[in-house]
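Okay, structure first, notes after.
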Amino acid sequence: MDKKQIADILAEIADLLELNNENAFRVRAYQNAARALEASSISLGPKTTANQLTSIKGIGKSIAEQILALIQEGELDHHQKLIQDTPPGLREMLKIPTLGPKKIHYIYHKLDIDNISELELACQENRLAGLPNFGPKTQANILKGIQSVKKFSESFLYADIFEQAYALLDQIKGHSKVKKADIAGSMRRKKEIIGDVDIVAATKHPEELMDFFVSLDQSAEIIAKGDTKSSMKLDSGINVDIRAVKPHQYPYALHHFTGSKEHNTAMRAMSKKMGIKINEYGLFKNGKRIPCSNEHDFFQVFSMDYIPPELRENHGEIEAAKNGKLPRLVTQEDIKGLFHIHTNFSDGNMTIQKACQHLKEMGMHYAGFSEHSKTAAYAGGLKEESMKDYLSEIEKIQKKLGDFTLFKGIESDILPNGDLDYSDAVLRRFDFVIIAIHSHFNMSQKEMTQRMIKAMQNPHATILAHPSGRILLARDPYQVDIMQIIDAAAENDVDLEINANPHRLDLDWRMTKYARDKKIKVFINPDAHHLQNLHDYTYGVNMARKGWLEAADVANTMTSRQMQKYLDHKKGRKK
DNA sequence: GCCGTTTTCGGCCCGACTGTTTTCAGTCG
């Protein structure tokens, strides 16, 4: 049982306890432990000790013992008992907006309703209205919430929401009474998956702004409207929340609504010890507001460096900011060239020449082309006999483009037994070899991990592509021990990819800090098939930033000349 | 259940909004 599975069980215990009306702090302890475990760099195995576990902040004696039991037994009596005592449908019901654990608990015990279908029927039959604290509106809202769960997933890809969100922001900013406005929340933190959009605005006339907001064309449904806070659903199904504050409150509100919840909680706990209260309206010492004109001032009050929004996940950023140990995060401008590009030699929809021209216009200095390999027949992978044409086309374009460098590569499939699908003689002809899994996803974790490690041991392997294979909101990662993969990458001088396709964003940002500590270089690769995809690298930069990477950690921040040398040396070392 | 710059007990972040009440509970972020 791996770390993620154990963290999921802890989170499930938290849900189940909550549904059983357990002490809220005990519930939170399990939630915190689940997060802390997942974010930790600890490797779980038969040799894991209780001391190692309790050294993680948020994991104490009791939960450490439960984790050890899960490692050794694969299950936990306490957990099993909770599952037995709690109908599975109750947990599903938690997904219904406006319906929380308290109401679910009550409905279950009073009306014996334990799943969404029964609840829907009960609402339609008007059986909820009239219960204490339940009225017709509560019932109608639950019914609406059920429809919403059925119709929309509650999660959206960052890239799918990004443009709508900023278009909306522009309209808010354009309102004559708005002094300042920004996107906050998970979108400002550049999370790969977004639940809703949060907008913070500074104005002296909040009611006018609320009226304006709910009248916008994009609104499909008004969820709530108050004096300073409103919420609406767009046609795409995503919720947008807006919050208006007075101009002098803006920096505090921006910090507050940017979150994460865990970051805010940790900040408040810390500030409370210093006798300072944090809320969205200010920092208060002895009831007196501490003036801040921006977020830099805000952090300075606590003698902290400015924490970029991407890092505000309570993954160690608060301590690092206090000690001057925050990374200087890589930026879009640091990226000098792009690798992992497919053209019409396999399943791409652009010529090599077009791709180069486009990249030059984007200000890039080099490109690494990597067609699919022969096993990827579905993608028109390159057969050995077409190899010559492909390589000579790259050479031809290179001659035309003096100041732009082309690197010759291939994306070679990792076969089920861990071999690559070309011989050494073929692989030797490339400047770099990306290795990747595109088939036989359903292997045991042990087999899959071994398969990938064996492939990384191939002396021609340069970069491991999309290490987990996940497709966000669509396909789970394959069963693989990512930490072992990262360890093997370090041992075998293989770099890791952050695949910047917004559906992948793989390597996961939660793991990049661990890779950085192992001194592994990361390539931010667009995995482009169309000219437009080349711009996706920016999503990869977002992930690198969330994962604490600096420019020096990212390979494609090198100049052309440095990259040429880097790849040559890598080949030389591995001979 | 976790934790300790008021350490082994007694706290544990804070406030807006909704719908239910007639002062508050629940949910959400």
Side-chain angles (χ1 to χ4, degrees), chain A residues 10 13-14 17-18 21-37 53-67 78 93-107 128-142 144-145 154 184-189 191 194-200 206 210 222-231 239-245 249 252-253 255-284 312 314 322:
Chain A
L10 294 176
I13 291 174
L17 289 173
E18 202 170 28
N21 253 1
E22 258 287 352
N23 177 299
F25 296 111
R26 191 168 169 231
V27 170
R28 202 161 79 189
Y30 278 95
Q31 288 166 346
N32 287 342
R35 276 181 46 84
L37 180 67
L53 291 168
T54 51
S55 72
I56 300 169
K57 199 165 176 255
I59 297 180
K61 194 162 167 278
S62 163
I63 291 184
E65 277 167 15
Q66 296 179 49
I67 293 171
H78 169 224
M93 285 159 71
L94 280 173
K95 293 180 185 159
I96 301 170
T98 74
L99 191 60
K102 293 266 176 9
K103 285 202 176 106
I104 294 174
H105 179 85
Y106 187 79
I107 292 169
L128 260 61
L131 295 174
N133 279 316
F134 285 80
K137 288 207 173 156
T138 302
Q139 179 172 271
N141 281 336
I142 291 174
K144 214 193 270 180
E154 60 271 52
S186 53
M187 178 150 266
R188 183 165 182 239
R189 302 199 312 278
K191 280 282 289 286
I194 304 291
D196 60 15
V197 175
D198 296 293
I199 296 177
V200 185
M210 294 301 115
I222 309 303
I223 308 290
K225 180 169 177 279
D227 292 343
T228 61
K229 183 180 168 180
S230 296
S231 180
N239 267 19
V240 182
D241 298 336
I242 190 167
R243 183 59 179 269
V245 294
Q249 298 167 330
Y252 316 97
H255 176 265
H256 175 88
F257 292 106
T258 296
S260 61
K261 198 171 73 181
E262 291 79 8
H263 169 89
N264 286 356
T265 304
M267 284 291 293
R268 290 215 181 104
M270 186 243 346
S271 73
K272 199 171 179 180
K273 284 179 199 154
M274 297 168 64
I276 297 173
K277 186 171 87 164
I278 303 181
N279 63 26
E280 58 262 57
Y281 305 116
L283 297 174
F284 300 95
R312 300 181 197 169
N314 197 25
K322 278 188 168 175

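Throughout, a chain's letter reflects where its sequence line sits, starting with A, and its residues are numbered from 1.
Atom C1' of nucleotide B:dT27 and atom CG of A:N239 are separated by 14 Å, given to the nearest angstrom. For the pair A:R28 CZ and B:dC12 C1', the computed distance is 6 Å after rounding to whole Å. Rounded to a whole Å, the NZ atom of A:K225 is 15 Å from the C1' atom of B:dT18. Atom CD in A:Q139 sits about 16 Å away from atom C1' in B:dT18, given to the nearest Å. A:Y252 places its OH atom 21 Å from the C1' atom of B:dG29, with the value rounded to the nearest Å. Rounded to whole Å, the distance from CZ on A:R35 to P on B:dC2 is 17 Å. When rounded to the nearest whole Å, the span between CZ of A:F25 and P of B:dG11 equals 11 Å. For A:I199 and B:dG29, the CD1 to P distance is 15 Å, given to the nearest whole Å.
Between A:N141 and B:dT18 there is no side-chain N or O to OP1 or OP2 distance below 4.0 Å. Phosphate proximity of B:dC2 to A:Y30: absent, as no side-chain N or O sits under 4.0 Å from OP1 or OP2. For the pair A:K103 and B:dT20, the criterion of a side-chain N or O lying under 4.0 Å from OP1 or OP2 is not met. A sub-4.0 Å separation between OP1 or OP2 of B:dG15 and a side-chain N or O of A:N279 is present. Note on A:K272: a side-chain N or O is less than 4.0 Å away from OP1 or OP2 of B:dC12. Note on A:T228: a side-chain N or O is less than 4.0 Å away from OP1 or OP2 of B:dC17.
The P atoms of B:dG10 and B:dT18 are separated by 39 Å, rounded to the nearest whole Å.
The glycosidic torsion of B:dT7 lies within 90° of 0, placing the base in the syn range.
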Check: If the sugar-phosphate is the primed atoms plus P, OP1 and OP2 and the base is the rest, what is the B/S/- string for nucleotides 4-10 of chain B, using protein heavy atoms under 4.0 Å?
Finding: -------
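Counting non-hydrogen atoms under 4.0 angstrom, A:P136 reaches the backbone sugars and phosphates but no base.
Between A:A269 and A:N133, the residue anchored closer to the 5' end of DNA chain B is A:A269, taking for each the nucleotide with the nearest heavy atom.
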